[in-house]
Amino acid sequence: MSETPKNTLQYRFDGPEDAPVLILGASLGTTWHMWDRQIPELTRHWRVFRFDMPGHGGAPAHPCGSVGELAGRLLATLDELGVRRFGYAGCAFGGAIGVELALRHPQRVASLALIAASPRFGTADEFRQRGVIVRSNGLDPIARSAPDRWFTPGFAAAQPAITDWAVQMVRTTDPGCYIAACEALAAFDVRAELGRVGVPTLVLVGSEDQVTGQGEARTLVAGIPDARLAVVPGASHLAPVEQPAAVTDLLVRHFSSAWQDPQAAITAPPVKPVLAPPLVPPMAEIAPMEQPEAVEGAVRPDPYEAGIKVRREVLGDAHVDQALAAADDFSGDFQELITRYAWGEVWNRPGLDRRSRSCVTLTALVAGGHLDELAFHTRAALRNGLTPAEIKEVLLQAAVYCGVPAANAAFKVAQGVIREETTPQE
């Protein structure tokens, strides 16, 4: 077990201390215990390292906003332990971390197994919507539906103890960390980079997986040069839990044949340098920031690309795609105008965060009576982290300064949007 600073992860080791290290990464909403039934066999061959994501399994709730940041915390943890090179097996979100490591830190990964994984998990809209649900209702709706996503119906009915364990595992996850993980998956898309994964890779998928199924698995196999596909019969999304023997056998065969690397054992951690005190005491005042000199003839970068990115993150892909598809010779220039200047310039300025900009935008739309735009900016406000209670406070404030009739109409629009966006799907 471990003590966990903010830049590292909660972890545990099992197996011989001198064996090569095999890392197991868990799925979103689960803990390292999802791998319990693999441990007896895997530890016959490897020193198995498991970790919990922030806010999962009682780990400190230090949210990670991207898959890359989480991979960085994992590497920081391994660096402190002297683990330089390792095999890696990850399920779903854990698989995303594995791909990220193989792409950004190829010298560290000896061999890779991706279970229930995908180069892009659903759509950004789906995961941001899930974040809205959790922010508004807590994790209980997600927890209650977890068995339906993770297990086949027959397994869930025959194994009530495991089903209850799955529900409780999600319920005890920190909501803020879960939402941050959803944002990380919303931004994760490595479809164009799969050809740069340069290690032997096993892609494993349950035959009944309706979350990341065989289509996603075949995309990984087609894109990764040295990849093989294994389909586990009678398994859904959490195949290591539902079909532990089959998954364990596949992992043992893959890592035994594709990875023979004595350097993957633990080595002594590097000696950390001791910094001498500065020769000159620091001044007790902040020096003024130097302004960069203007370069004659420099061309200002076009803000369109930054604008379309922010516009999609705030309003959602579906809304932006619909607006762009409807543009023609008459309205196309207007779409470019708002993308460049409203989204690329103003929304992209660092002076206010997106929550604050949503508050300002909602108030302005109430004042102007722009109810159509109020509807989709209410959705945007939920995506940007405002809760329904905070949106209510914004509209109450607007009632005082913009007028009760305007706020009355705004409450009707916002109420409908909030009900639609925060009601869990059955």
Set of residues satisfying side-chain hydrogen bond (donor to acceptor under 3.5 Å, both in side chains) with respect to Glu336, sequence neighbours excluded: Arg340

Side-chain ion pair, Arg349 and Glu345, N-O less than 4.0 Å: no

Results of side-chain hydrogen bond (donor to acceptor under 3.5 Å, both in side chains) for Gln214 - residues two or more places apart only: Arg218

Short side-chain donor-acceptor distance under 3.5 Å, His45 and Ser256: no

Test side-chain contact (heavy atoms from CB on, under 4.5 Å) applied to Ala327 - qualifying residues, sequence neighbours left out: Ser331, Gln335

Donor-acceptor under 3.5 Å (Thr201 side chain, Val197 main chain): no

Between Asn384 and Ser358, a side-chain donor and acceptor under 3.5 Å: yes

Pairing residues for Thr123 by the side-chain contact (heavy atoms from CB on, under 4.5 Å) criterion, not counting sequence neighbours: Asp125, Glu126

Counterpart residues, side-chain hydrogen bond (donor to acceptor under 3.5 Å, both in side chains), relative to Gln129 (two or more places apart): none

His237: side-chain hydrogen bond (donor to acceptor under 3.5 Å, both in side chains) partners, not counting sequence neighbours: Asp209, Thr212

Tyr11 and Phe49 aromatic centres sub-6.0 Å: yes

Mutual orientation of the aromatic rings belonging to Phe51 and Tyr88 [parallel < 30°, tilted 30-60°, perpendicular > 60°]: tilted

Residue from Arg383, Gln322, His377 passing side-chain contact (heavy atoms from CB on, under 4.5 Å) with Leu315: His377

Heavy-atom side-chain contact between Thr152 and Glu242 under 4.5 Å: yes

Contact check, side chains of Val99 and Glu193, non-hydrogen atoms, under 4.5 Å: no

Note, Thr387 side chain near Ser136 side chain (heavy atom, < 4.5 Å): no

Side-chain heavy-atom pair Arg47, Pro20 within 4.5 angstrom cut-off: no

Any Gln107 side-chain heavy atom under 4.5 Å of Arg84 side chain: no

Thr339 versus Arg311, side-chain donor and acceptor atoms under 3.5 Å: yes

Side-chain donor-acceptor contact under 3.5 Å, Asp148 with Ser145: no

